[in-house]
Protein chains: 2
Amino acid sequence: MQELYDLFLKTGLRPFAFMSDTLHLEQNVTRSDLSTLLILLFRGDLPMSELAAEMGAPLSSMTSIAKRLERKGYIARAASVQDQRVKLVTLTQEGRQLAKQCEQIIMAMLSRLEAAFTPEEMEQFTTLLFKAARVFQDGGAITLKETKSRPMKIKIEE
Amino acid sequence: MQELYDLFLKTGLRPFAFMSDTLHLEQNVTRSDLSTLLILLFRGDLPMSELAAEMGAPLSSMTSIAKRLERKGYIARAASVQDQRVKLVTLTQEGRQLAKQCEQIIMAMLSRLEAAFTPEEMEQFTTLLFKAARVFQDGGAITLKETKSRPMKIKIEE
DNA sequence: CCTCTTTAGTACGATTTCGTAGTAAATGTT
DNA sequence: AACATTTACTACGAAATCGTACTAAAGAGG
């Protein structure tokens with residue numbers, strides 16, 4: 001148990017640090033930027049608010065990130081026809097390409113896992129990890145009377 | 001496998017977001033600040049550079065964080081006697097107290113895990129998690145000829 | 001001793017993140 | 001239809017982060 005606490009501590013600043021160290025493909029891209037592109041690649045076009053939720057970031061931060069990415073030509077934003085308020089975010093060709101490069105690197109890391117684990121271990125690991133993630137998510141409000149609904153770090157829908 | 005990639009994506013911006021949502025004990029404390037205090041509580045007094053390594057942050061960021069924490073009275077820094085260059089960082093009484101409150105919350109979350117898992121699952125989970133962390137750490141340099149030695153997100157010694 | 005290099009940290013400016021305060025479109029409510 | 005409310009987002013300023021350039025102490029070689 002103490003070991004887990006220890007491991008927990010090691011999740012310090014700079015999530016994805018290892019990735020952008022590896023990924024000096026395009027120098028001028030933030031970790032958040034990459035993260036955003038990956039989400040769009042995986043989930044398809046999304047409104048700003050859903051994107052922010054996926055990122056675990058406040059909407060105002062998402063605005064900044066989206067502005068950067070738009071300026072750099074990796075995404076495009078267009079108002080939805082049904083609802084003029086929602087801005088649909090879409091990957092451009094360059095954006096999609098960069099995201100795919102990044103995806104490959106992640107996939108390479110994951111396949112390292114597959115190489116290191118037996119299929120049973122892999123199965124176990126995935127199952128337990130999801131179970132744990134669910135506990136952490138639902139357990140967020142332990143000592144709190146009323147949690148303000150807010151973007152959380154890890155969200156698992158069933 | 002696709003599931004793991006999905007889970008991977010969800011580790012967006014704001015690590016520890018859930019914690020400082022829960023932890024509105026002291027309003028005026030950053031996630032990095034808390035993280036720092038926890039590391040000091042767990043590891044004891046440390047020089048700036050080791051602290052930065054534990055945090056997975058560059059030394060210059062650590063300087064900023066330490067300055068904040070010192071100003072707020074949670075840590076103290078003193079030059080080592082053997083080596084005037086190293087500044088030993090120590091928790092003050094207030095710092096230790098805050099860190100302990102924070103630790104309790106984490107421990108509460110971890111005991112939720114223990115409640116949700118059987119002892120075997122717990123054992124399995126811990127083992128696999130460490131194994132995975134090791135793979136990710138060593139595997140950081142997949143596509144790279146030469147990785148600059150740099151603070152990484154997850155470090156497992158052993 | 002006197003350089004030369006390495007190690008440990010700080011300073012500073014540029015960029016990023018985020019809370020608060022807006023705006024404007026959609027959705028009630030009467 | 002005239003309003004209030006809610007929803008989806010942006011603007012802006014304050015704070016946090018981090019790369020680069022520095023300083024100063026320790027150690028090395030002659």
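Numbered from 1 within each chain, the chains take letters A, B, ... in sequence-line order.
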Does C/dT15 have OP1 or OP2 sitting under 4.0 Å from an N or O in the side chain of A/R68?
no
Between A/S60 and C/dC18, is there a side-chain N or O to OP1/OP2 distance below 4.0 Å?
no
A/R43 and A/E50 ion-paired at < 4.0 Å:
no
Would you kindly give the CG-to-C1' distance between B/L59 and C/dT10, to the nearest whole Å?
8 Å
Shortest non-hydrogen pair, A/L46 vs A/L40, comes out as N-CD2, 4.1 Å
Can you work out whether B/V86 or A/Q84 has the more 5'-proximal nearest nucleotide on DNA chain C?
B/V86
Going hydrophobic residue to hydrophobic residue with side-chain gaps under 4.5 angstrom, can you get from B/V86 over to B/L69?
no
Examine D/dA16: is either OP1 or OP2 under 4.0 Å from a nitrogen or oxygen in the side chain of B/K67? Give yes or no.
no
Is the phosphate of C/dC18, meaning OP1 or OP2, less than 4.0 Å from a side-chain N or O of B/R31?
yes
Here's a test for you: under side chain to side chain contact (heavy atoms under 4.5 Å, CB included), which of A/R96, A/K67, A/E70, A/R68 qualifies with A/I75?
A/E70
Under 4.0 Å between a side-chain N or O of B/R85 and OP1 or OP2 of C/dT6?
no
Under 4.0 Å, heavy atom to any atom of DNA chain D: which of residues 75-82 of chain A qualify?
A/R77
Check for a donor-acceptor pair, side chain of A/S80 on one end and backbone N or O of A/Q82 on the other, with a separation under 3.5 Å.
yes
Between D/dC18, D/dC9, C/dA26, spot the one nearest the side chain of A/D83, thanks.
C/dA26
Contact class for B/S49 (heavy atom, under 4.0 Å): base, sugar-phosphate, or nothing?
sugar-phosphate
Within this structure, what is the CG-to-P distance between A/L69 and C/dT15, rounded to whole angstrom?
16 Å
Out of D/dT17, C/dG9, C/dA24, whichever nucleotide has its closest atom nearest the side chain of B/S64:
D/dT17
OP1 or OP2 of C/dC18 sitting under 4.0 Å from any side-chain N/O of A/S61?
yes
Distance, rounded to the nearest Å, where B/M55 contributes CE and D/dA16 contributes C1'
12 Å
Candidate nucleotides D/dT10, C/dC18, D/dT17, ranked by approach to the side chain of B/S32 - the nearest
D/dT17
Which one, C/dT17, D/dA11, D/dC9, comes nearest to the side chain of A/P47?
D/dC9
Let me know the distance between CG of B/N28 and P of C/dG19, rounded to the nearest Å.
15 Å
Whole angstroms only, please: what is the CG-P distance between B/L51 and C/dG9?
10 Å
Taking the side chain as everything from C-beta on, heavy atoms only, tell me whether A/D33 gets closer than 4.5 Å to A/L98.
no
From D/dC18, C/dG9, D/dA11, nucleotide with atom closest to B/K87 side chain
C/dG9
Whole angstroms only, please: what is the CG-C1' distance between B/D33 and D/dA15?
11 Å
Specify the separation, in whole Å, of atom CG of A/L88 and atom C1' of C/dA25.
15 Å
Beyond-backbone contact of A/L38 with B/F8, side-chain heavy atoms, under 4.5 angstrom:
no
Using a 6.0 Å cut-off, check whether atom CD of A/Q104 has over 12 heavy atoms from anything other than its own residue.
no
Whole-Å distance, B/M62 CE to C/dA11 P, equals 15 Å
